[in-house]
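In what follows, chains are A, B, ... by sequence order, proteins preceding strands, each numbered from 1. These numbers were taken from a predicted model, which means no experiment stands behind them.
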There are 2 protein chains.
Amino acid sequence: MSEELSTELKILEAAKKVFLAKGFSGCTTREIAHEAGENVALVNYYFRSKAALFDQVFQSAIEELMYILVDIFKSDISLKEKIAEFIDREYAFISSFPGLPMFILSELNREDGAQLKNKQMFEMVANSGVFDQMKEAQESGEMIEIDLYGITVLLMSNCHYPFISKNFVSSLLGVADEHFETLMDAHKIHVKNMILTYLFPIK
Amino acid sequence: MSEELSTELKILEAAKKVFLAKGFSGCTTREIAHEAGENVALVNYYFRSKAALFDQVFQSAIEELMYILVDIFKSDISLKEKIAEFIDREYAFISSFPGLPMFILSELNREDGAQLKNKQMFEMVANSGVFDQMKEAQESGEMIEIDLYGITVLLMSNCHYPFISKNFVSSLLGVADEHFETLMDAHKIHVKNMILTYLFPIK
DNA sequence: ACCCGTTTTAATCAATTGTTTAAATCATTT
DNA sequence: AAATGATTTAAACAATTGATTAAAACGGGT
């Protein structure tokens, strides 16, 4: 027997779904209320405004995405293992929420749009000792010379973009929806091999 | 002395600028008209509707992005050179229009949004003989086994995403705007090395 | 049964939206 | 200069937007 959600939670869940799919400018409060099966006025009653509700959804989306990073990077494994693990977990996670990367990136691009507030997450990565690990691996020659920006964009590019570009590439190459998951699995293998052998070349 | 643009062109250029920056749902016809310095009614007078104007902007954006691909792939150089050249030209082009990838991807994601109409471009790539070149390079063992999807997503990921994620990564790592171009130049080197050595490993 | 704070509802608000209209202006031809 | 068609303008249209209101319904405590 399914537990009934509170009205506030129903609206929040509906907002997540609708904002993720359509973005802030692409939907209305009425649409969110209808998705939640509640009265329009309740959106403002519980969340003050559309913008405030959006902000709550956005910040939690960011945190969900960053959590994987923090969780892996503070663990007690080698840098190479961390990166391999990150790619695996990132693909698995985004497969469950394919709209998440596009949502975050496009809303960060919107004028007067979402802002990264919670730098706490980044600081947790910084304090995980992973940067020392990087420096060490580079000094020993195990890892190539590459800065934090390069490694970040390299990983994010190859983990996020395949999902972001689904509609584009699929319609360009004529890929059916049911084949997408298989393609993504195959692509992850390529990405892992490519990035790991590039960052950690066999001497 | 600057040549005066026709009203129709002024509106079209303004529409490109505004749509690229804010997307279809993120702007109004009045905003476009104001950017063009023209009366609101002229938008509909020349382009029938906001949607029709958008469609025109979107299709031309797609064509601009695809033109590089066609132009390089039909040229008479080796596959490896084509890929290297593609990365160079893609970075140079997108540096001039940094909003283009995000615009196309996010509008293709929008419900009832933009659709890829012009498959002519893809057919020109298909007819360029580049697929035969791929098959040949793989049979000779010069290139690794990877399908068209894999190679497409690999290239697009590493050429588009760095620009798409500018706001995200910049604010995450605290990168100032004036350093972005330098970072991007450095990143292109990594991307080129990484992709080329992965696809064409030295035996 | 009554009270009282919380939640929910339907109705309404002013502002903004894309689009249309009808009149005014312009440019070209006769 | 008169006439014609194309262009431009200001005004208005109905529909939709985020948000607010006041009254109704609900629920726990006495």
task = For this output row, return yes or no: ring centroids of B/Phe103 and B/Phe54 closer than 6.0 angstrom.
result = yes
message = More than 12 heavy atoms of other residues, nucleotides or ligands under 6.0 Å from OH of A/Tyr67: yes or no?
response = no
ask   = Between which nucleotides of DNA chain C, 5' to 3', does chain B make heavy-atom contacts below 4.0 Å?
value = C/dT17 to C/dT21
ask   = Hey, does A/Lys50 have a side-chain heavy atom less than 4.5 Å from the side chain of A/Phe24?
value = yes
task = Name all pairs fulfilling the salt bridge (charged side-chain N to carboxylate O under 4.0 Å, His left out) condition that reach into residues 164-185 of chain A, sequence neighbours left out, sorted by first residue then second.
result = A/Lys166-A/Asp177
task = Could you tell me the separation between the CD atom of B/Glu8 and the P atom of D/dT7, rounded to a whole number of Å?
result = 9 Å
key: Parallel, tilted or perpendicular: rings of B/His187 and A/Tyr149 (30°, 60°)   = perpendicular
note = In this structure, CD1 of A/Ile72 is separated from CZ of A/Arg89 (nearest 0.5 Å) by 4.0 Å
task = Could you check whether the rings of A/His190 and B/Tyr198 sit parallel, tilted or perpendicular, using 30° and 60° as the cut-offs?
result = perpendicular
query = Are side-chain heavy atoms of A/Asp55 and A/Lys117 found at a separation under 4.5 Å?
reply = yes
request  = Could you tell me whether a side-chain N or O of A/Asn158 sits under 3.5 Å from a main-chain N or O of A/Val191, the two making a donor and an acceptor?
outcome  = no
task = Fit a plane to each ring of A/Phe97 and A/Phe93, take the angle between them on a 0 to 90° scale, and name the class: parallel (under 30°), tilted (30 to 60°) or perpendicular (over 60°).
result = tilted
inquiry  = For DNA chain C, which residues of residues 25-35 of chain B approach it to below 4.0 angstrom with any heavy atom?
reply    = B/Cys27, B/Thr28, B/Thr29, B/Arg30
ask   = Mind checking what makes side-chain hydrogen bond (donor to acceptor under 3.5 Å, both in side chains) contact with B/Lys135, not counting sequence neighbours?
value = none
ask   = Of all of residues 42-54 of chain B, which get a heavy atom below 4.0 angstrom from DNA chain D, listed by number?
value = B/Leu42, B/Tyr45, B/Tyr46
Estimated bend of the helix from C/dA1-D/dT30 to C/dT30-D/dA1 (axis per five terminal pairs, rounded to 10 degrees) = 10°
inquiry  = More than 12 heavy atoms of other residues, nucleotides or ligands under 6.0 Å from CD of B/Glu136: yes or no?
reply    = no
